[in-house]
Structure formats: structure tokens, C-alpha cells
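Note on naming: letters A, B, ... go to the chains in the order of the sequence lines (proteins, then strands), and numbering restarts at 1 for each one. Predicted, not measured: the structure shown is a model, and the values here were computed from it.
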Amino acid sequence: MKIISSWQLASSGYALTVHNQDATERLPREFFGRPATEVAPDLLGCVLWHASPAGLVAARLVEVEAYRGALDPASHSYRGRTARNAVMFGPPGHAYVYFTYGMHYCVNLVCQPAGLPEAVLIRAGAVVAGADLARRRRYGLADADGSAKASGARNGRQRERDLARGPGRLCQALGIDRSLDGADACVPGGPIGISPPEAFGQAEAGSGAIRVGPRVGISRAADLPWRYWLAGDDHVSAYKALPPREPQPKPVSDRAAEDGTMHG
DNA sequence: TGCTCGATTACCT
DNA sequence: GGTAATCGAGCAA
């Protein structure tokens, strides 16, 4: 295996050697064989790419979240293995893609050795290659030039920022769906991969300040600070916290009338 | 078998 | 800021 580059990630001191067996550098599997809370900040600045028959789209990662399996009530794998989350229980470096809200896909990268179902959710990125294809996927053929003529008040600059801002948008821009569930991001020749920042001419990871805070849109374990993002980057998604979910009482017909109040 | 909820987004006011 | 869209997973009965 040809070693083409080596550097040290600023956030954790994790020494990384990148190997090259095909056209694009990939982070090695051992990079992902660690707790998700260690992998997540190290992914910031790195580049997720998907090479499909239509072309290659790549995004520099600016926002991620760690999900820690049995340790984490908000993790899909918290309650054990199911058909949907089976990939999380497998070896590290694979993509776990799931479908949510009836219309969106979200992509995770599996961490830890097989049997420890941890993963890092990719929440947002900045498109650094294949922007034309990304625009077509996001806004359609007529809007591939990035103009805002089709709808509403969104201007071109906002559209560029929003190409991969949010987990659903990122998957749409990169053309990621359930067909890529289980895809190996570390194997040479595979359709998806994670590359170090320098592979796409980006600044080194850790060159900007990494911020840490609570995760977005979850109701369980919402206080855990397992969301990581690059401070001041426009491509980070808007933070929206959910109120803590309280156990719902059994629906008893008389109960609502007795209570009277909808919310405490 | 049926129901509820969700690691979201786009559009409208 | 509010809400509709939309459907699969998971749970309860």
C-alpha cells in the first residue's frame, strides 16, 4: 500500500497515516475504530464524497454529531439491533443511511469495532467538488445555475450555502440514499469515501475553532454535548432544540376534560 | 394490524 | 415563526 500523506489531527492528537490504493485518498479504517466522540471532532474539515455514475460530489464537513449506542438513549442502536440499524453493529468505516420524516435520508459513519454500535451523524458540509451536480439534485435542472428564479426569496448566495446545510440536504446533494446503507468508505474503489482536508485543497482539520454543544432535534439525552461544528462557518445548520419529551399518559377519554390544561 | 413519532425541510405568512 | 409534507420503524394490542 502506498503511503501518500501523514499528519496529526489538531483536536485529538490522533496520528493519521493516509493510504492510497485508488484515485482518491481515504481515511483508513483504524481512524473509525474509536469512540464516536473521538472520531466526530476529527472528521471536521475532512471531505465526504460520493462518486456515482452521474459524477462526483464532495463536501467539506463542518458539523457532526456522535451517537454512542448502548450508552446513548438518543442512538438508534440504544435498544439493540434491528434490520434498520444492523450496519451500526458491523465493522467501522461503513455508512449507515436511514430514512426519516417520510422524505429525508441521513448518513452516519460507523465507529468502534464490530459489536459496539456507535456512529457519527454527518449534519452539514460545504460542497467543494461537483457543485453543478449537487445543484441539479437539490434544485432541479432548471436551477442548475444556482439562480433563484424558480421560487421565493432565496437568493443565489443562500442557495450555495444551503446546498449541504443539514443532514437531509447533504444526502440529497451527494445523492446518498438507502442503496448506500452499509457501503464501505474505507475500501479502495468503493463509491463513497472520507478524505483528509488536503485531498480537496481544503485547510487542514483543526485550523478553525471547534465548538461543542448539545445535539439537534432529539428529545432523549438532549443535554449531552456530542455535537461538534466549526465556529463561524456559514454552512453549519441552524440549531433547533426540542423540549424534553415527557411520558405520555394512557389516552383516557375523561382525562383531558378533567385536566383542562394542554401543557404544564 | 394499527398507530405514533421521527437524528427534517420547504414554503407561506 | 408556523406548519404541511410523507412514510418507515417500532411498539402496543
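Applying the 5.5 angstrom centroid cut-off and the 30 degree plane-angle cut-off, the aromatic ring of A:Y98 is not stacked upon the base of B:dA7. Residue ring and base: A:Y101 counts as stacked with B:dG6 (centre distance below 5.5 Å, interplanar angle below 30°).
In terms of phosphate contacts, A:T82 brings a side-chain nitrogen or oxygen within less than 4.0 Å of OP1 or OP2 of C:dG10. Between A:R79 and C:dC11, a side-chain N or O to OP1/OP2 separation shorter than 4.0 Å is present. Taking only side-chain nitrogens and oxygens, A:H104 never comes nearer than 4.0 Å to OP1 or OP2 of C:dT6. For B:dA10, one of the phosphate oxygens OP1 or OP2 lies less than 4.0 angstrom from a side-chain nitrogen or oxygen of A:R169. Contact annotation: A:S75 side-chain N/O to B:dA7 OP1/OP2 distance is not under 4.0 Å.
In the interface, the side chain of A:H76 is not paired with the base of C:dA9 through any donor and acceptor atom under 3.5 Å apart.
No donor-acceptor pair under 3.5 Å is formed between the side chain of A:R68 and the backbone N or O of A:S75. At least one donor-acceptor pair under 3.5 Å links the side chain of A:R26 to the backbone N or O of A:A185.
Distance OH (A:Y105) to C1' (C:dA9): 14 Å, rounded to an integer number of Å. For A:R137 and B:dT9, the CZ to P distance is 17 Å, given to the nearest whole Å. Atom OH of A:Y78 and atom P of B:dA7 are 15 Å apart (whole Å). Rounded to an integer number of Å, the gap from CZ of A:R220 to C1' of B:dT4 is 13 Å.
The side chain of A:I218 approaches B:dA7 more closely than any other nucleotide in the set C:dG10, B:dA7, B:dG6. Checked against B:dT8, C:dG10, B:dG6, the side chain of A:P167 finds its nearest nucleotide in B:dT8.
A residue-by-residue look at A:R178 and A:M103 shows that A:M103 has its nearest nucleotide of DNA chain C further toward the 5' end.
Under 3.5 Å, the side chains of A:S237 and A:R165 contain no donor-acceptor pair of N or O atoms.
Residues A:H76 and A:Y98 bring their aromatic ring centres within 6.0 Å.
Under the Watson-Crick or G-U wobble criterion, with both distances below 3.5 Å, B:dA7 is left unpaired in every strand shown.
Of the charged side-chain nitrogens involved, none lies within less than 4.0 Å of a carboxylate oxygen, so that A:R215 and A:D223 do not count as a salt-bridged pair. Using a 4.0 Å cut-off between charged side-chain N and carboxylate O, A:R138 and A:D162 make no salt bridge.
A:R138 comes within 4.0 angstrom of the backbone, heavy atoms only, and of no base. If you check every strand for non-hydrogen atoms under 4.0 Å, A:A83 touches nothing.
Of the residues in residues 108-123 of chain A, A:N108, A:L121, A:R123 come within less than 4.0 Å of DNA chain B through at least one heavy atom, sorted by number.
Residues A:V62 and A:W229 have side chains not in contact (no heavy-atom distance under 4.5 Å, counting atoms from C-beta outward).
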